[in-house]
Amino acid sequence: MQVHVIRRENRALYAGLLDTYFRIRHQIYVVERGWKELERPDGREIDQFDTDDAVYLIGVDRDEIVAGMRMVPTTSPTLLSDVFPQLSIAGRVRRSDAYELSRIFVVPRKRGEHGGPRAEAVIQAAAMEYGLSIGLSAFTIVLETWWLPRLLDQGWKARPLGLAQDVNGFSTTAVMVDVDDDAWLGICDRRSVPGPTLQWQGLDAVRRQSLPEFQVVT
Ligand code: COA
């Protein structure tokens with residue numbers, strides 16, 4: 001699986017892939033998860049945070065989308081700032097070195113174990129790789145609370161920003177996660193992700209920081 005970085009500078013290259021991606025989001029979030037407030041007549045799940053500031057990481061395997069993730073700078077409106085501000089006791093997180101992660105998914109046929117690294121781990125390792133590459137220090141995530149032990153178990157330092165609250169029947173929490181070398185190396189090691197996966201097509205002009213040396217543990 002390769003993970004493509006799509007942002008405003010190279011969006012035009014990925015117009016077709018992005019359209020399929022928004023249709024898959026509709027299938028997963030509106031149909032499967034039942035988040036009916038996101039329903040749109042055109043069958044795409046696109047919300048107010050899908051702006052030019054959003055960065056998409058899209059996992060592709062044999063020309064098909066298998067996983068995805070959205071990242072939004074916290075200097076722009078985010079889910080936490082505009083929809084769930086009650087989840088952060090200290091108020092809005094607005095930092096140039098912090099992005100919010102959301103819409104993390106794996107298509108149903110690729111969930112669970114498949115004899116290689118889990119697509120879920122690859123897409124999350126890719127987020128950490130992206131954060132390190134552009135010099136971020138933190139991610140914020142609004143997540144259903146069941147996910148928190150999974151983040152900790154993959155070696156991520158996740159700190160709650162407030163108390164969990166009921167959102168549409170689901171216990172929901174906001175966390176801040178450190179973006180650092182250990183978090184990327186840790187998830188790669190614990191989840192058998194074989195190193196960098198990001199594809200930066202059309203983004204040659206983006207200055208990137210070097211990643212920590214990756215060693216396959218045998
Ligand atoms: N509520 C509670 N637990 C859930 C869950 C949910 N909505 N979705 C997944 N889990 C649990 C599963 O029960 C499973 O637990 P187990 O390992 O003890 O059996 C574990 O998380 C792994 O989930 P699974 O779907 O088997 O595989 P995965 O790790 O490959 O993918 C997701 C996990 C969340 C990426 C995938 O389930 C998905 O894409 N879900 C739809 C999108 C979504 O809800 N994303 C989160 C909000 S943005």
Side-chain angles (χ1 to χ4, degrees), residues 1-4 20-40 43-50 54-62 64-72 74 77-84 87-88 99-131 139-156 158 160-161 164-177 186-194 197:
M1 166 172 151
Q2 294 187 325
V3 182
H4 294 263
T20 307
Y21 161 79
F22 288 122
R23 287 171 184 271
I24 291 173
R25 269 180 38 183
H26 182 274
Q27 184 59 33
I28 289 181
Y29 291 104
V30 178
V31 179
E32 177 188 339
R33 295 297 319 266
W35 296 356
K36 296 292 180 204
E37 68 279 13
L38 299 175
E39 186 151 26
R40 299 190 347 161
R44 281 124 177 126
E45 192 272 288
I46 297 174
D47 71 8
Q48 68 269 41
F49 308 108
D50 290 300
V55 177
Y56 302 97
L57 301 184
I58 301 189
V60 176
D61 185 32
R62 294 183 195 144
E64 291 198 359
I65 295 177
V66 295
M69 154 103 65
R70 178 176 67 182
M71 312 173 86
V72 173
T74 58
T78 60
L79 277 168
L80 184 59
S81 68
D82 285 27
V83 183
F84 302 111
L87 295 178
S88 175
Y99 274 40
E100 179 182 81
L101 308 186
S102 57
R103 299 296 196 270
I104 306 168
F105 72 82
V106 172
V107 297
R109 69 185 171 79
K110 283 286 190 182
R111 292 182 194 161
E113 302 289 345
H114 282 274
R118 286 171 94 104
E120 183 224 19
V122 176
I123 200 78
Q124 292 188 72
M128 207 42 89
E129 184 189 336
Y130 183 80
F139 293 136
T140 58
I141 320 177
V142 172
L143 75 178
E144 289 165 359
T145 309
W146 59 265
W147 202 315
L148 185 51
R150 295 166 62 81
L151 293 186
L152 299 174
D153 190 54
Q154 69 197 24
W156 285 16
L161 293 168
Q165 299 198 14
D166 184 289
V167 174
N168 298 332
F170 284 96
S171 171
T172 304
T173 316
V175 296
M176 183 168 288
V177 175
I187 188 171
C188 290
D189 184 28
R190 293 182 194 202
R191 299 290 183 261
S192 306
V193 177
T197 57

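Residues: numbered from 1 along the sequence shown. These numbers come from the heavy atoms of this one structure, side chains and all, not from hydrogens, waters or symmetry mates. In listed order, ligands and their atoms are each counted from 1.
Counting only heavy atoms of the protein, atom 39 (O) of ligand 1 lies nearest to V106 N, 2.8 Å. Counting only heavy atoms of the protein, atom 37 (O) of ligand 1 lies nearest to R111 CD, 3.5 Å. Shortest contact from atom 44 (O) of ligand 1 to any protein heavy atom: R33 NH1, 2.6 Å. Of all protein heavy atoms, the one closest to atom 3 (N) of ligand 1 is W146 CD2, 3.4 Å.
At a heavy-atom cutoff of 4.0 Å, ligand 1 is contacted by both the backbone and the side chain of F105.
Within the 4.0 angstrom cut-off, atom 41 (C) of ligand 1 has one or more protein heavy-atom neighbours. Distance check on atom 16 (P) of ligand 1: every protein heavy atom falls at or beyond the 4.0 Å cut-off. Within a 4.0 Å radius of atom 8 (N) of ligand 1, the protein contributes at least one heavy atom. Atom 19 (O) of ligand 1 is not flagged as protein-proximal [any protein heavy atom, distance under 4.0 Å].
For the pair R150 and ligand 1, the shortest N or O to N or O distance falls below 3.5 Å. In terms of N/O distances under 3.5 Å, ligand 1 is not approached by W35.
Short contacts between ligand 1 and E120, defined as distances under 4.0 Å to a heavy atom of the residue, involve ligand atoms 29 (O), 30 (O). Close approach of ligand 1 to I28 (heavy-atom distance below 4.0 Å) involves ligand atoms 41 (C), 42 (C). Taking every non-hydrogen atom of I104 and a distance limit under 4.0 Å, the qualifying atoms of ligand 1 come out as 42 (C), 43 (C), 45 (N), 46 (C), 48 (S). Near W147, meaning under 4.0 Å from any of its heavy atoms, are these atoms of ligand 1: 34 (C), 45 (N), 46 (C).
Between R25 and D50 a salt bridge is recorded (basic side-chain N to carboxylate O distance below 4.0 Å). With respect to R103 and E45, a salt bridge is recorded, a charged nitrogen being found less than 4.0 Å from a carboxylate O. The pair E64-K110 does not meet the salt-bridge criterion, since no charged nitrogen lies less than 4.0 angstrom from a carboxylate oxygen.
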Open item on the list: If you apply the rule side-chain contact (heavy atoms from CB on, under 4.5 Å), what do you find for N168 with E37, and how did you get there?
Closed with: CA-CA 11 Å; N168 298 332; E37 68 279 13; 4.2 Å; yes

Open item on the list: Using salt bridge (Lys or Arg N to Asp or Glu O under 4.0 Å), reason through D153 and R191 one step at a time and then give a plain yes or no.
Closed with: CA-CA 10 Å; D153 190 54; R191 299 290 183 261; 2.8 Å; yes

Open item on the list: Determine whether Q124 and V177 satisfy the following criterion, side-chain contact (heavy atoms from CB on, under 4.5 Å), listing intermediate values before the conclusion.
Closed with: CA-CA 12 Å; Q124 292 188 72; V177 175; over 6 Å; no

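Ring geometry for F139 versus W156: interplanar angle of 30 to 60°, hence tilted.
Look at F170 and you'll find every heavy atom at least 4.0 Å from all atoms of ligand 1. Residue contact annotation: G112 has a non-hydrogen atom under 4.0 Å from ligand 1.
Put simply, the side chain of V142 reaches to within 4.5 Å of the side chain of L87, judged on heavy atoms.
At least one donor-acceptor pair closer than 3.5 Å links the side chain of E100 to the backbone N or O of L80.
Judged purely by distance below 3.5 Å, without hydrogens or angles, the side chains of Q27 and E32 never pair a donor atom with an acceptor atom.
Comparing heavy-atom distances from atom 27 (O) of ligand 1 across Q124, R118, K110, R25 singles out R118 as nearest.
Both the sub-6.0 Å distance and the 45° axial angle are satisfied by R33 relative to the ring of F170.
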